[in-house]
Amino acid sequence: MRVRIAPSPTGDPHVGTAYIALFNLAFARAHGGTFVLRIEDTDQKRSTAASEAAILRSLHWCGLLWDEGPDIGGPFGPYRQSERAEIYRVHAQILLDRGTAYRCFCSQERLDALRASQRAAGEDWRYDGHCRALDPKLASARAEAGEPSVVRLAMPLDGETVVADVLRGEVRTENARVDDQVLLKTDGLPTYHLANVVDDHLMEISHVIRAEEWISSTPKHLQLYAAFGWQPPVFCHMPLLRNADRSKISKRKNPTSLEFYERSGILPEALLNFLGTLGWSMPDPTVDVFGLQDFVAHFDLARVSLGGPVFDWERLMHLNGVWLRRLGPSALASRAAAYHRDGEREAAIAALIAERVPSLGDWHHHAAPFFGAEVPLAAEGRHLVIGSASRKKNAVRLDAAGSAAFLEAVIAGLEAMPAWQAAGIEATLRAVVGTAGIAAGDGFMAVRVAVVGRSAAPGLFETLEVIGKALVLVRLRRAVAFVQEPSALQGELARLEAEAQALRAALGQAFPTPDNAHTEVSA
RNA sequence: GGCCCCAUCGUCUAGUGGUUAGGACAUCGGUCUUUCAAGCCGACGACGCGGGUUCAAUUCCCGCUGGGGUCACCA
């Protein structure tokens with residue numbers, strides 16, 4: 001048996017990728033099969049080498065190791081779709097020759113107009129088959145003459161396609177509802193649908209275990225297998241990980257980057273254990289702490305449950321604590337040391353905090369904000385809504401109402417940054433502060449407290465660079481939630497007031513003055 | 001909106017045609033402890049609604065409701 005994980009290198013390594021990889025790996029290991037990693041980088045505009053490298057690195061960190069892949073090769077390579085363009089072209093030609101695909105010369109404008117009119121008429125969007133009737137010989141002559149075209153799948157016009165899903169049984173779709181999918185783009189590269197089917201076949205993938213979002217395009221895939229005359233693999237669509245509001249997991253509402261979990265100090269063992277409890281459980285349901293070995297030993301695809309599981313940070317943290325304790329003191333110490341000791345980064349931190357560290361003993365205090373998922377917000381939370389304590393006359397001050405919007409704008413700006421270094425961060429922050437029209441000091445202070453949790457810290461831009469994008473963005477999002485939930489600050493205020501009162505009373509007893517002695521008496 | 005998928009405590013889940021519906025996180029109590037955690041003990045807390053089928057439905061069927069996904073020359 002052969003399974004695969006096929007991430008697209010278009011962004012940060014995603015926790016959903018790890019989730020699906022885990023189940024594929026477990027399936028392969030449980031059945032003595034092979035787990036393949038394939039990079040689906042056919043989107044030239046969005047794919048980057050940096051993203052691919054990050055995905056490989058993060059999967060390694062998780063301990064989700066593949067048997068064949070672009071880095072280690074294998075008998076079915078290349079494992080990077082951008083290196084297989086010729087294969088897809090040849091296969092598209094096969095379909096063209098058989099008449100199960102056709103060239104389409106429709107312009108983007110025509111497609112847009114078509115879509116608009118269909119929408120106006122309240123119909124489903126579907127390609128109208130305009131080019132389907134073209135004479136294939138004429139069409140190929142036009143293409144050879146250099147006219148831009150795509151290749152579309154000629155879906156059967158009637159009948160239905162039945163997907164036999166391992167977990168859901170037969171899912172039926174009327175062919176007439178399925179669009180003539182573009183298989184080969186104008187740039188000559190395939191779309192997901194073609195590349196995926198061709199590769200899964202050529203790489204002899206026996207079981208496709210992927211996320212539920214793919215289920216509605218599976219009929220297209222089945223039609224492709226049929227058009228090639230190939231035996232389709234077994235399909236299994238896993239439930240989608242969810243945000244707390246039950247929408248598909250997204251970085252806006254959850255930390256989704258694996259780098260975030262790594263940098264947060266989550267143990268990969270705990271992360272895998274946690275992911276393994278989402279939509280899956282041990283045959284003995286009282287066992288909820290299990291490692292990859294146990295997971296594999298008891299793995300059964302049929303035990304997957306289909307309700308979309310909410311990704312619950314609290315539960316992950318609990319499991320992390322369990323795994324940490326399980327390590328025992330000496331292993332824990334070395335894991336913690338390894339976590340804190342990470343080459344370049346450590347030197348960068350040292351450079352930033354050096355002038356604030358009077359002795360080695362103060363090191364950890366100043367380095368602390370560079371580690372961990374969360375930063376205390378309540379203590380300095382007032383700065384999030386009032387900005388810097390220093391006042392410049394005539395400057396527009398930050399206020400509570402504008403704070404969340406400002407921080408959201410900061411998030412959007414930082415998120416869009418292609419590179420992550422101090423100069424760019426500064427430019428972005430200054431731009432956002434300018435747009436918001438608030439005093440720079442206020443804006444920077446709000447960001448500082450949101451990300452560092454302290455109002456006294458090293459230079460903001462350099463600090464953000466070293467903390468890292470994944471952690472910075474998640475901390476900023478948590479700060480937004482914090483300022484939108486005023487009870488957090490109010491609670492802290494009430495607590496501080498109560499404490500102050502108690503202290504005052506104690507002081508009054510210890511050092512009575514006419515004034516507070518009087519207070520005591522009257523109280 | 002069309003099509004498709006899904007539905008047990010707030011959350012992750014187990015489960016069966018007849019169970020006191022089990023476990024875990026969170027929450028709340030208690031206990032241990034110099035503190036805080038951790039640990040231990042306990043409490044709270046669920047079968048979405050309506051029809052069927054059946055001696056019996058949380059479990060099987062249908063409808064509804066709710067949630068989600070998908071409708072690209074992105075994957």
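For the numbers below, each heavy atom of this structure counts, side chains included, while hydrogens, waters and symmetry mates do not. Bear in mind that the values here come from a model prediction, so they are computed numbers and not experimental data. Naming: A, B, ... by sequence-line order, numbering from 1 per chain.
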What are the two closest heavy atoms between [X] and [Y], and how far apart are they?
X        : Y        : answer
A/Asp179 : A/Arg126 : OD1-CG, 3.3 Å
A/Gly307 : A/Pro239 : O-CB, 4.0 Å
A/Leu241 : A/Gly16  : CD2-CA, 4.2 Å

Taking the [atom1] atom of each, how far is [N] from [M], in whole Å?
N     : M     : atom1 : answer
B/G48 : B/U59 : P     : 8 Å
B/C41 : B/G50 : C1'   : 43 Å
B/A46 : B/G22 : P     : 11 Å
B/U16 : B/G2  : C1'   : 38 Å
B/C3  : B/A56 : P     : 35 Å
B/U27 : B/A38 : P     : 9 Å
B/C61 : B/G17 : C1'   : 14 Å
B/G52 : B/G15 : C1'   : 24 Å

If [N] has a Watson-Crick or G-U wobble mate with both distances under 3.5 Å, name it; if not, just say none.
N     : result
B/A46 : none
B/G2  : B/U70
B/U58 : none
B/U19 : none
B/U34 : none
B/G29 : B/C41
B/A7  : B/U65

Distance check needed: B/G10 C1' versus A/Arg315 CZ, whole Å only.
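From A/Arg315 CZ to B/G10 C1': 13 Å.
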
What's [X] touching, base or sugar-phosphate or nothing? Going by heavy atoms closer than 4.0 Å.
X        : answer
A/Gly321 : nothing
A/Thr10  : nothing
A/Val150 : base
A/Thr186 : base
A/Ser305 : sugar-phosphate
A/Pro190 : sugar-phosphate
A/Arg326 : nothing
A/Arg126 : nothing

Just wondering, are more than 12 heavy atoms of other shown residues or ligands nearer than 6.0 Å to CG in A/Asp158?
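At most 12 heavy atoms, drawn from other residues, nucleotides or ligands, come within 6.0 Å of this atom.
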
Closest to the [X] side chain: [options]?
X        : options             : result
A/Arg168 : B/C6, B/C12, B/G23  : B/C6
A/Lys185 : B/C5, B/C74, B/G67  : B/C74
A/Ser8   : B/A75, B/G68, B/A38 : B/A75
A/Tyr192 : B/C5, B/A75, B/U70  : B/A75
A/Glu212 : B/G22, B/A75, B/C5  : B/C5
A/Arg177 : B/G22, B/C3, B/C5   : B/C3
A/Asp43  : B/C74, B/A24, B/C73 : B/C74
A/Pro309 : B/U13, B/G68, B/G23 : B/U13
A/Lys45  : B/C3, B/A26, B/C74  : B/C74
A/Glu314 : B/A72, B/G68, B/C25 : B/C25

Run the numbers on A/Trp214 and A/Tyr192 for ring-ring contact (aromatic ring centres under 6.0 Å, His included), then give the verdict.
CA-CA 11 Å; A/Trp214 292 110; A/Tyr192 170 86; 3.9 Å; yes

Are [X] and [N] close enough that a side-chain N or O sits under 4.0 Å from OP1 or OP2?
X        : N     : answer
A/Arg242 : B/C6  : no
A/Trp214 : B/U70 : no
A/Thr277 : B/C12 : no
A/Arg246 : B/G10 : no
A/Arg152 : B/A72 : no

Tell me if the side-chain of A/Arg46 makes a donor-acceptor pair with the base of B/C74, cut-off 3.5 Å, by modelled atom types.
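Per atom types, the contact qualifies.
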
Just one of A/Val197, A/Val150, A/Leu224 clears the side-chain contact (heavy atoms from CB on, under 4.5 Å) bar with A/Leu183, so which one?
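Testing each of A/Val197, A/Val150, A/Leu224 against A/Leu183, the sole residue satisfying side-chain contact (heavy atoms from CB on, under 4.5 Å) is A/Leu224.
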
First of A/Phe105 and A/Asp245 reached from the 5' end of RNA chain B, by closest nucleotide:
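Here A/Asp245 is the residue nearer the 5' end.
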
Contact nearer the 5' end of RNA chain B, comparing A/Arg115 with A/Ala244:
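Its nearest nucleotide being more 5', the pick is A/Ala244.
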
Which is it for A/Glu212 and A/Arg168 under the salt bridge (charged side-chain N to carboxylate O under 4.0 Å, His left out) test, yes or no, and what are the steps along the way?
CA-CA 11 Å; A/Glu212 182 181 358; A/Arg168 296 155 212 268; 3.6 Å; yes

Could you tell me if A/Arg142 sits above the aromatic ring of A/Phe105, with its cationic atom closer than 6.0 Å to the ring centre and no more than 45 degrees from the axis?
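Yes; both conditions hold, so A/Arg142 lies above the ring face of A/Phe105.
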
Can the ring centroids of A/Tyr19 and A/Phe23 be said to lie less than 6.0 angstrom from one another?
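Under 6.0 Å, so yes.
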
